[in-house]
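Take a look at the structure set out below.
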Amino acid sequence: MPFRYNAGMSLPAPTPDALAASHSLQQLIAAEIEQLGGAMAFSRFMELALYAPRLGYYSGGASKLGASGDFTTAPEISSLFGAALARAAAAIIAQSAPDIIEFGAGTGKLARDVLTALGKMGVQVRSYTIIELSGELRARQQEALKDLPQVRWLDGMPASFSGVVLANEVLDAMPVELVIRKDGRWQRQMVTVDQGAFAFVQQALPEDLARHVARQIPDAEHLPDGYVTEIHPVAEGFMGSLASMMKGGRGAAFLFDYGFPAHEYYLDQRMGGTLMCHYRHHAHPDPFYLPGLQDITAHVDFTAMALASQKAGLPVLAYMNQASFLLGCGIGELLMETDPQDALRFLPQSKAVQKLVSPAEMGELFKVLVVGQDVDLLDAIVRADRAHRL
């Protein structure tokens with residue numbers, strides 16, 4: 001199959017080596033589609049595009065974050081994000097155990113910022129465990145955090161855990177099912193090969209996915225024909241596993257991501273869904289563009305995540321936008337620890353905080369879901385709770 005490289009999209013040109021890697025992944029995906037009889041669930045396509053050994057976006061060697069990568073996350077914007085989060089973590093550690101698990105730790109910057117801030121507060125962390133699927137990112141983390149002896153890496157969740165769990169932009173990178181309303185009924189978006197390129201084709205929903213649609217989408221039968229959206233069984237499964245890990249202990253998990261509660265997610269006007277791709281700091285909607293070289297994400301249905309956690313026995317402690325959480329954790333006070341008269345230091349930090357909390361930037365689109373048990377959150381976080389909106 002030839003390369004799927006649409007130069008007309010005005011995206012930065014990949015290197016020859018990157019093109020070759022993408023071509024290898026395309027051949028792998030096409031071969032599996034053929035083995036499956038000509039069509040593959042989009043969730044499987046997304047899984048291979050992101051996580052296929054040595055070739056997927058997260059398992060390959062290309063840089064993901066920062067100026068040389070494809071996107072920038074909150075910890076990369078300002079160390080005050082981690083310092084504010086550390087205040088919430090300290091309150092949980094005081095009630096549970098001095099242990100932290102972080103899923104998908106990026107460059108390792110959040111880990112360093114949280115541990116540094118906790119150290120300044122006099123909070124000793126016994127272990128900081130990172131669970132990372134990306135080989136490139138794990139290598140960066142190990143180099144960046146080599147002077148912090150409490151940091152270790154695991155390939156999967158421990159059987160049980162007490163303490164603090166952190167997950168920043170993890171749920172959005174989990175494979176989703178795509179469904180489309182067509183001829184008055186829901187159908188599953190499948191991936192096929194058509195004239196040497198990947199393309200969508202529809203199939204009837206299997207029973208388990210039909211139950212997901214009925215449960216997850218409010219007024220599912222009243223949405224218009226042509227409506228495309230995402231179903232999140234993998235992320236729901238992750239929430240169930242997280243609940244199983246934490247159910248026997250004490251602690252809280254803080255999950256940051258962009259998304260909406262269900263009643264805002266499945267709006268009539270959101271006809272094309274929320275699937276988005278990120279390539280070299282350019283966002284576009286084509287998931288078939290250069291597989292393995294771009295991130296593929298979908299907004300999070302926080303109602304579905306909350307229900308999955310509760311169903312598995314782990315209660316929801318709070319839900320709010322990122323601005324409310326960070327302000328409740330005192331990010332404004334942390335900013336003012338830098339003298340405003342020192343313009344060279346203060347102004348960049350002030351601009352970064354504005355990006356993190358402004359409704360026009362990350363403050364409203366990004367949400368924080370907190371699940372856990374037998375612990376109390378900071379009073380300011382409790383006052384900002386909007387879990388009733390789920």
### Task
Could you tell me whether the side chains of Q349 and S78 share a donor-acceptor contact shorter than 3.5 Å?
no
### Query
Can you tell me if D219 and Y266 form a side-chain donor-acceptor pair at under 3.5 Å?
no
### Query
Is E143 paired with R140 through a side-chain N to carboxylate O contact shorter than 4.0 Å?
no
### Message
Taking the ring centre of each residue, are Y265 and H299 less than 6.0 Å apart?
### Response
no
### Query
So if you build clusters from Ile, Leu, Val, Met, Phe, Trp, Tyr with side-chain heavy-atom gaps below 4.5 Å, do I296 and M40 land together?
yes
### Query
Under the 6.0 Å and 45° cation-pi test, does R270 pair with F260?
yes
### Query
Given the side-chain rings of Y258 and F302, with only the six-membered ring counted for Trp, is the space between their centroids under 6.0 Å?
no
### Message
Any salt bridge linking E177 with R188? Criterion: basic side-chain nitrogen under 4.0 Å from a carboxylate oxygen.
### Response
yes
### Query
Taking atom types as modelled and ignoring hydrogens, do the side chains of H232 and Q216 form a donor-acceptor contact shorter than 3.5 angstrom?
yes
### Query
Side-chain donor-acceptor pair under 3.5 Å between D113 and T116, yes or no?
no
#### Entry: Salt bridge flag under 4.0 Å for residues D155 and R138
yes
### Task
Tell me whether the centres of the aromatic rings in F256 and F325 are closer together than 6.0 Å.
yes
### Query
With a 3.5 Å cut-off and no angle check, do the side chains of E361 and Q354 form a donor-acceptor pair?
no
### Task
Please check if any side-chain donor atom of E169 sits under 3.5 Å from a side-chain acceptor atom of T73, or the reverse.
no
### Salt-bridge criterion met for R211 and D208 (N-O under 4.0 Å)
no
### Query
Would you find more than 12 non-hydrogen atoms of other residues, nucleotides or ligands less than 6.0 Å from D379 atom CG?
no
### Task
Could you walk me through whether F198 and T192 pass side chain to side chain contact (heavy atoms under 4.5 Å, CB included), step by step?
CA-CA 6 Å; F198 295 121; T192 190; over 6 Å; no
### Query
Do the side-chain N and O atoms of Q322 and K367 include a donor-acceptor pair separated by under 3.5 angstrom?
no
### Cluster overlap I381 with M305, hydrophobic side-chain contacts below 4.5 Å
no
### Message
Side chains of E102 and T129 only: does a donor on one sit below 3.5 Å from an acceptor on the other?
### Response
no
### Query
Just by distance, with hydrogens left out, do Q187 and Q203 show a side-chain donor and acceptor under 3.5 Å apart?
no
### Task
Flag yes if more than 12 heavy atoms outside Q142 fall under 6.0 Å of its CD atom; otherwise flag no.
yes
### Query
Is V165 reachable from Y128 through a run of I, L, V, M, F, W or Y residues, each pair having side-chain heavy atoms under 4.5 Å apart?
no
### Task
Can you label the angle between the F200 ring and the F288 ring as parallel, tilted or perpendicular, going by 30° and 60°?
tilted
### Message
With a 4.5 Å cut-off on side-chain heavy atoms, are L145 and I130 touching?
### Response
yes
### Query
Ion pair present between E221 and R181, side-chain N to carboxylate O less than 4.0 angstrom?
yes
